[in-house]
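Data block below; observations after.
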Protein chains: 2
Amino acid sequence: MSAHEAIAFLKSRSLGVLIEPEIERMIMSGEIKPGDRINENALALRFGTSRGPIREALRSMEAGGLVALVPNRGVYVRSLDLATACAIYEVRAALFGMAGRCAAERAGAEDICRLETLVAEMDRAVDAGDFETYYPLNLAFHQAILAASGNHLLAAQYASLIKQLHLYRARSLVQGGGLHVSNQEHRAMVDAIAARDPEAASRTHFDHVMRSLDRLRAAPAAHAAT
Amino acid sequence: MSAHEAIAFLKSRSLGVLIEPEIERMIMSGEIKPGDRINENALALRFGTSRGPIREALRSMEAGGLVALVPNRGVYVRSLDLATACAIYEVRAALFGMAGRCAAERAGAEDICRLETLVAEMDRAVDAGDFETYYPLNLAFHQAILAASGNHLLAAQYASLIKQLHLYRARSLVQGGGLHVSNQEHRAMVDAIAARDPEAASRTHFDHVMRSLDRLRAAPAAHAAT
DNA sequence: CGTCTGAAGATTGTTGACAATCGACAGCGA
DNA sequence: TCGCTGTCGATTGTCAACAATCTTCAGACG
């Protein structure tokens with residue numbers, strides 16, 4: 001498969017496309033923080049390219065909501081306030097509800113099996129108090145549902161929202177709230193999918209995200225002014 | 001206000017940003033058709049710029065799902081097959097359901113008033129058999145609901161999906177199906193919002209789009225192979 | 001007659017340089 | 001001392017040119 005990889009690498013050779021996920025990684029890892037200005041020259045120097053591909057990558061990321069373009073002043077990593085984060089959660093809830101509904105209608109046996117396995121593993125992690133294991137399992141669980149929905153656009157849009165949520169200043173609070181043990185909800189979700197009950201699946205998935213939104217709203221407004 | 005406009009024009013001066021909606025218009029108007037290849041030189045010549053801003057605009061549009069980038073071969077106007085169009089409809093239904101729910105919770109009196117006015121006008125257009133009037137009213141009605149939802153992201157994502165749907169080859173069929181007089185559904189939607197009933201609003205809005213999806217699926221597969 | 005090879009033309013991907021704009025700072029005046 | 005103005009450095013926006021790649025098409029070969 002190394003030949004395939006090499007071909008794929010050569011195929012995807014347009015520096016802008018290659019650079020974009022790298023800049024995304026820099027944002028997600030915290031190397032560049034929300035509100036920071038991005039210097040095109042510095043990035044070009046870092047990646048050993050000219051500014052053209054950098055600008056292309058940034059324009060693509062702007063459409064994805066990760067950065068904001070300010071004319072004649074450069075691109076800034078977007079910084080989300082509470083209201084915007086809540087708006088994202090609402091959209092996310094709508095998408096996730098639909099994902100549950102579609103999964104209930106279309107999930108294959110192996111999809112359901114995988115979901116049940118993940119819930120079981122999360123149960124074990126919760127019992128052991130091992131949140132280090134729980135968190136990635138939780139991510140994998142949500143992604144497995146999106147995959148089971150059979151709707152690629154749905155999955156892509158959802159992933160885009162998750163990325164944007166990383167730009168919320170007080171996201172640690174959200175993550176902390178997310179660790180709120182909600183595996184009972186997860187089990188209800190899988191049960192609805194396994195029962196092929198689209199309505200129940202839609203409701204449980206939707207409510208699952210909306211409860212996170214409630215926790216987000218209830219969290220102390222610990223975001224500093226810019 | 002001409003001074004303000006001039007200032008706004010100067011402010012937004014980055015050719016890429018200015019060019020992007022222009023290319024969109026060319027696609028929406030059918031000047032460029034789905035599947036067509038876009039020649040950067042031709043566009044640059046047409047707009048009197050160099051290829052740089054053109055490429056930036058295209059990269060942004062690619063993120064919006066209007067065009068597809070094929071390495072070393074150029075950008076193509078995306079062409080949607082039936083399955084992809086259905087996937088878009090599903091996401092659209094999810095978003096629109098959420099929009100109805102939010103509108104039921106947050107719409108102002110003037111929002112509801114506007115919605116009722118639009119439904120009344122559509123009623124009149126239907127009675128008169130004036131579909132030429134009905135169609136833009138229908139668009140305005142949907143947009144008014146998105147505005148009443150108070151969620152800008154929701155409105156933006158919805159608008160993006162509508163644009164993408166224009167790329168479906170047999171979209172005339174969809175539009176024809178859309179002209180299927182559904183003003184009773186519209187009235188039910190507004191009633192649910194006016195009654196401040198989020199659940200009913202969510203359901204009516206969601207079903208409204210899903211019924212369009214059913215019509216789309218039922219339509220004869222009149223799309224030619226590429 | 002069909003297929004393969006190779007060169008020509010066209011188009012994309014990328015670069016470095018130039019012009020325009022913005023923010024900061026020193027200097028001047030009240 | 002405070003506010004205004006003009007200049008300087010830094011950065012963005014844009015361009016024209018170069019290199020690499022792909023497509024096309026003519027011609028040779030089996």
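Chain A is the first sequence line, chain B the second, and so forth, proteins listed ahead of strands; every chain is numbered from 1. For the numbers below, each heavy atom of this structure counts, side chains included, while hydrogens, waters and symmetry mates do not. None of these values were measured; they are calculated from a predicted model.
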Quickly work out the [X] [atom1] to [N] [atom2] distance and round it to whole Å.
| X | N | atom1 | atom2 | result |
| --- | --- | --- | --- | --- |
| A:L58 | D:dT11 | CG | C1' | 14 Å |
| B:N72 | C:dG13 | CG | P | 6 Å |
| A:I54 | C:dG16 | CD1 | P | 13 Å |
| B:E40 | C:dT14 | CD | C1' | 12 Å |
| A:L15 | C:dG13 | CG | P | 10 Å |
| A:E56 | D:dC15 | CD | P | 15 Å |

Sub-3.5 Å donor-acceptor pair from the side chain of [X] to the main-chain atoms of [Y], do we have one?
| X | Y | answer |
| --- | --- | --- |
| A:D111 | A:G108 | yes |
| B:S29 | B:R25 | yes |
| A:T117 | A:C113 | yes |

Would you say A:S149 and A:R106 are linked by a side-chain donor-acceptor pair, where the criterion is simply a distance under 3.5 Å? no

[options]: which one has an atom nearest the side-chain heavy atoms of [X]?
| X | options | value |
| --- | --- | --- |
| B:R55 | C:dT14, D:dT12, D:dT21 | C:dT14 |
| A:N41 | D:dC15, C:dT12, D:dT12 | D:dT12 |
| A:R73 | C:dC22, D:dT21, D:dT14 | C:dC22 |
| B:P53 | D:dG13, C:dT14, D:dC15 | D:dC15 |

Mapping B:R37 and A:R51 to their closest nucleotides on DNA chain C, which lands nearer the 5' end? B:R37

Taking only N and O in the side chain of A:N39, is any of them less than 4.0 Å away from OP1 or OP2 of D:dT12? yes

Which part of the nucleic acid does A:I38 contact within heavy-atom distance under 4.0 Å: base, sugar-phosphate only, or nothing? sugar-phosphate

Assign B:G74 to base, sugar-phosphate, or nothing according to its heavy-atom contacts below 4.0 angstrom with the strands shown. sugar-phosphate

Identified salt bridge (charged side-chain N to carboxylate O under 4.0 Å, His left out) partner of A:E40 from the options A:R55, A:R59, A:R73: A:R55

